[in-house]
Structure formats: C-alpha cells, structure tokens
Enquirer: 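Quick one: the structure is below, questions incoming.
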Amino acid sequence: MTALLTASALRKSFGPTEALVSASFAIDAGEVVAVMGPSGSGKSTLLHCLAGIVRPDEGQVRYQGRDIAELSDSERTALRRDEFGFVFQFGQLVPELSCLENVALPLRLAGLRRRQAEATAREVMARVDVAELAPKRPGEVSGGQGQRVAIARALVTRPKVIFADEPTGALDSLNGERIMQLLVGAAKESDAAVVLVTHEARVAAYSDREVVVRDGRTREPVVAA
Ligand SMILES: Nc1ncnc2c1ncn2[C@@H]1O[C@H](COP(=O)(O)OP(=O)(O)OP(=O)(O)O)[C@@H](O)[C@H]1O
Ligand SMILES: [Mg+2]
C-alpha cells in the first residue's frame, strides 16, 4: 500500500540558507505524525513543501501517488482548498469577518451558497464547542477560543490532510491539551492525516509517531530494542 502523502529527498534553499538538505516523509490516512526539532531546523519548510505551498529545489512530494509538482497551478490550488486543512500558531482568522463567516469561508471559496456553507460551519463549530462565538469577530474572543474557531475552519471541508504548525504554541497547557484532543479526535473520526509541527514533547505525545528534523535532515527516532 502506498502512503497518502509522501516526500522523498527534499532539498530547499532560501538564498544561501539550506532550509532542507535531505528530508523524507510519509503519512497514512488517519495517522497523526509529529514533526519535531529545534528552531530553524526546517520543520515549517517541510510542512510548506508537503502542502504544495513551497516548491522544493529537488525531490518529490506525492499525494495519492501523484507528484504535486506536475499539477497545474489551479489543480494545486484546488488540492489545497479541497483536500487540505491548515491550522497555524496564531489562528490567522480574517479580522473583518465573524467567526461563523471565517469557518464558512473555505466552503464559500469552494462555491457553496452562503446558507449551506454557514449551516455546515455551525455544525462544525458546535463539534469543537464554539457555537456561541458564531456572531463574534476574532478580536472579541480569547486565544484558545480563536484557535478552536481556526480548527473548525480547517475541518469544515472534511480535509484528507490537516497541516498544523505549532497549533498550541500561543496557548496555555490546558487550552493546548484541548486543541490536541480536538485535532486527534477529528483525525480519527474522519480518517484524516495530521502533520503536526511542534516543539513540545507534551504535544507530540498525542501523535502516533514522531519525525525529527535537524539541520534540514529528517530521521525517525531510534527506538531502543
Ligand atoms: N522564506 C524564507 N526566506 C529565507 N529564509 C527562510 C525562509 N523560510 C525559512 N528560512 C530559513 O530556513 C531555515 C529553516 O526555517 P524553518 O522555518 O523551516 O524552521 P523551523 O524548524 O520551522 O523553525 P521554528 O521552530 O523556529 O519555526 C531557517 O534558517 C530559516 O531562517
Ligand atoms: Mg516553524
């Protein structure tokens, strides 16, 4: 069986900086993989390559067996919109929209009518316990609440892969645990994969497996026999 999303021998430089030297990765449906490593080691760059946001200089990323570099720009945009969900450290909600409109946005971009998009958005918001925040703007909610709204937005299209870059980085430990339970729960429930970038061992403990990035190189931790 081939994995849902794989990367092999990725190399990516930004000017003189070698962000990735030799990075490989594979994740299956329903799997939660933590990407760990020191600051500047290349974790976010790996995530961006996997998500088709950054194009590697060398190496391949395959989604469902297809090399994403061979897709057209519009196919890649559609892939990110329809199959992938994103959660970042600071929610990155649109400040001018209500929380409900933020969660509904990916469905609106996919062409759904407002009523239908917002009905689905309300269901997902209820699932992550932020239904009552629907009319509020992101500036009017707490960090933990905003992050739950961001998770609702990431889940609303029922993505096959959720990319989370330090999703708990700005939260206290209680809210962090809550976010991880939601992410892992959503993944298991809908058989989605989660690529989880984190510094924190406590957060990585929620994953099925860890991949360590150091100086642009990936390795799986050695398990003592
Ligand atoms: N757009 C960019 N332009 C120039 N350099 C970049 C860019 N993105 C990343 N880099 C550099 O590439 C290296 C890897 O960066 P990356 O963001 O992948 O690290 P990281 O492991 O995610 O770090 P952190 O834990 O601090 O988020 C760093 O040296 C960084 O400065
Ligand atoms: Mg990073």
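Ligands are counted one by one from 1 in listed order, and the atoms in each one are counted from 1 as well. In this text the structure is predicted, and so the values were computed from the model without any measurement. FYI, the numbering just counts along the sequence from 1.
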Enquirer: Taking the six-membered ring for Trp, are Y63 and F84 closer than 6.0 Å centroid to centroid?
Expert: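 Here the rings of F84 and Y63 have centres that are less than 6.0 Å from each other.
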Enquirer: Ion pair present between R178 and D129, side-chain N to carboxylate O less than 4.0 angstrom?
Expert: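 Between D129 and R178 there is a salt bridge, with a charged N closer than 4.0 Å to a carboxylate O.
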Enquirer: Do protein heavy atoms approach atom 30 (C) of ligand 1 to less than 4.0 Å?
Expert: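 No; the ligand atom in question lacks any protein heavy-atom contact below 4.0 Å.
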Enquirer: Looking at R209 and E31, does any basic side-chain N land under 4.0 Å from a carboxylate oxygen?
Expert: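 So R209 pairs with E31 through a salt bridge.
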Enquirer: Suppose we measure from atom 28 (C) of ligand 1 to each protein heavy atom; which comes out shortest, and what is that distance?
Expert: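 It is G40 O, 3.8 Å.
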Enquirer: Which residue and non-hydrogen atom of the protein lie closest to atom 27 (O) of ligand 1, and at what distance in Å?
Expert: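 Going by distance alone, atom 27 (O) of ligand 1 is nearest to S44 OG, 4.0 Å.
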Enquirer: Look at atom 12 (O) of ligand 1 and say which protein heavy atom is nearest, naming residue and atom and giving the distance to 0.1 Å.
Expert: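 Protein heavy atom at minimum distance: A19 CB, 3.3 Å.
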Enquirer: Within a distance under 4.0 Å of any heavy atom of P38, pick out the atoms of ligand 1 and give their elements.
Expert: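 By the 4.0 Å cutoff, the relevant atoms are 21 (O).
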Enquirer: Do any N or O atoms from the side chain of T198 and from the backbone of E200 form a donor-acceptor pair under 3.5 angstrom?
Expert: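 Here the side-chain-to-backbone pair exists.
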Enquirer: Provide, to 0.1 Å, the distance between atom 26 (O) of ligand 1 and the closest protein heavy atom, together with that atom's residue and name.
Expert: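 Answer for atom 26 (O) of ligand 1: S39 OG, 2.5 Å.
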Enquirer: Where do N102 and V94 come nearest, in terms of heavy atoms and distance?
Expert: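 Of all heavy-atom pairs spanning N102 and V94, the closest is OD1-N, 2.7 Å.
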Enquirer: Spell out, as yes or no, whether a donor-acceptor pair under 3.5 Å connects the side chain of K188 to the backbone of G30.
Expert: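 Yes, because the side chain of K188 sits within donor-acceptor range (under 3.5 Å) of the backbone of G30.
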Enquirer: Might you confirm whether atom CZ of R202 has over 12 heavy atoms from other residues, nucleotides or ligands at distances under 6.0 Å?
Expert: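 Atom CZ in R202 is packed in, count exceeds 12.
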Enquirer: Using distance alone, determine whether F14 and ligand 1 share an N or O pair under 3.5 Å.
Expert: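 F14 vs ligand 1: no N/O contact under 3.5 Å.
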Enquirer: Please list the nearest protein heavy atom to atom 25 (O) of ligand 1 with its residue and the distance rounded to 0.1 Å.
Expert: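 The answer is K43 NZ, 2.7 Å.
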Enquirer: Should S41 be listed as contacting ligand 1, given a heavy-atom distance under 4.0 Å as the test?
Expert: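 A heavy atom of S41 does come that close to ligand 1.
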Enquirer: Counting from 1, what ligand 1 atoms have a heavy atom of T17 closer than 4.0 Å?
Expert: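 Listed by number with element: 11 (C), 12 (O), 29 (O).
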Enquirer: Where the side chain of R55 meets the backbone of C49, is there a donor-acceptor pair that is under 3.5 Å apart?
Expert: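 No, because the side chain of R55 does not come within donor-acceptor range (under 3.5 Å) of the backbone of C49.
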Enquirer: Pairs of nitrogen or oxygen atoms closer than 3.5 Å, one from E166 and one from ligand 1: do any exist?
Expert: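 No, E166 has no N/O under 3.5 Å of an N/O on ligand 1.
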Enquirer: Please confirm whether H199 approaches ligand 1 to less than 4.0 Å, judged on its heavy atoms.
Expert: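 For ligand 1, residue contact (heavy atoms, under 4.0 Å) with H199 is present.
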Enquirer: Mind checking whether G216 has a heavy atom under 4.0 Å from ligand 1?
Expert: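 Checking ligand 1 against G216, which is what was asked, there is no heavy-atom contact under 4.0 Å.
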Enquirer: Return the residue, atom name and 0.1 Å-rounded distance of the protein heavy atom closest to atom 16 (P) of ligand 1.
Expert: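 The closest heavy atom on the protein side is T45 OG1, 3.6 Å.
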Enquirer: Determine the minimum heavy-atom distance between S13 and E18, stating which atoms define it.
Expert: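 S13 and E18 have their closest heavy atoms at OG-CG, 3.7 Å.
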Enquirer: Check R108 with E118, please: is the shortest side-chain N to carboxylate O separation under 4.0 Å?
Expert: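 Salt bridge: no.
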Enquirer: Give a yes/no answer: is there an N/O/S atom of S44 under 2.8 Å from the Mg ion (ligand 2)?
Expert: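 Yes, since at least one N, O or S atom of S44 sits under 2.8 Å from the Mg ion (ligand 2).
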